[in-house]
**Student:** 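Mind having a look at this structure? Questions to follow.
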Amino acid sequence: MAWVQIQKSTQATWDDYEKVQNVLGDEPPPGLIHHFAGEVEGGRWQAVSVWESQDDFNRFLEGQLMPAVEQVLDPALAQGGPPPTEWFEVKHSIER
């Protein structure tokens with residue numbers, strides 16, 4: 001069953017998110033089923049992603065995401081790593 005990931009940025013802004021996304025492009029990495037992100041109050045961002053497994057995300061994190069973050073963001077911000085993250089396994093879903 002799939003895994004849902006919820007991230008809520010505490011430091012990075014929506015502009016930071018867009019800088020990283022521009023490096024990554026819009027081709028989904030292996031294991032990513034859906035990804036939704038947006039700007040929230042205070043200029044921060046939140047995202048909800050659905051992955052085939054947590055391992056798929058970890059491979060993406062190490063192989064693509066962190067190198068992109070390190071390429072375009074301030075080193076102090078990049079060293080903070082990913083924002084706080086919650087996970088849960090999908091037990092029920094409804095699709096249109």
**Student:** In the hydrophobic clustering that connects Ile, Leu, Val, Met, Phe, Trp and Tyr at side-chain heavy-atom distances below 4.5 Å, which members other than Val40 occupy its cluster, ordered by chain and number?
**Tutor:** none
**Student:** Nearest 0.5 Å, please: how far is CG in Leu32 from CD in Gln5?
**Tutor:** 9.0 Å
**Student:** Less than 4.5 Å apart, any side-chain heavy atom of Val4 and any of Val48?
**Tutor:** yes
**Student:** CZ of Arg59 to CG of Leu65: how many Å apart, nearest 0.5 Å?
**Tutor:** 14.5 Å
**Student:** List the atom pairs, donor and acceptor, that lie under 3.5 Å between side-chain atoms in residues 68-89 and the rest of the protein, sequence neighbours left out.
**Tutor:**
unit_1: Asp74; atom_1: OD2; unit_2: Ala76; atom_2: N; d: 2.9
unit_1: Thr85; atom_1: OG1; unit_2: Pro83; atom_2: O; d: 2.8

**Student:** Quick one: which residue pairs count as a salt bridge (Lys or Arg N to Asp or Glu O under 4.0 Å) with a foot in residues 33-45, not counting sequence neighbours?
**Tutor:** none
**Student:** Got a sec, which residues hit side-chain hydrogen bond (donor to acceptor under 3.5 Å, both in side chains) with Ser49, two or more places apart in sequence or on another chain?
**Tutor:** His35
**Student:** Going by salt bridge (Lys or Arg N to Asp or Glu O under 4.0 Å), name the pairs with one or both residues in residues 6-29, residues two or more places apart or in two chains.
**Tutor:** none
**Student:** For Trp51 versus Pro30, what's the shortest heavy-atom pair and its separation?
**Tutor:** CZ3-O, 3.8 Å
**Student:** Restricting to non-hydrogen atoms, name the atom on Pro67 and the atom on Gly63 that form the minimum distance, rounded to 0.1 Å.
**Tutor:** CG-O, 3.8 Å
**Student:** Would you say Phe36 and Ile33 are hydrophobically clustered, going by side-chain heavy atoms of ILVMFWY under 4.5 Å?
**Tutor:** no
**Student:** Report the hydrophobic cluster partners of Trp45, with the cluster defined as I, L, V, M, F, W, Y residues connected by side-chain heavy atoms closer than 4.5 angstrom, directly or transitively.
**Tutor:** Trp14, Tyr17
**Student:** Quick one: are the ring centres of Phe57 and Trp3 less than 6.0 Å apart?
**Tutor:** no
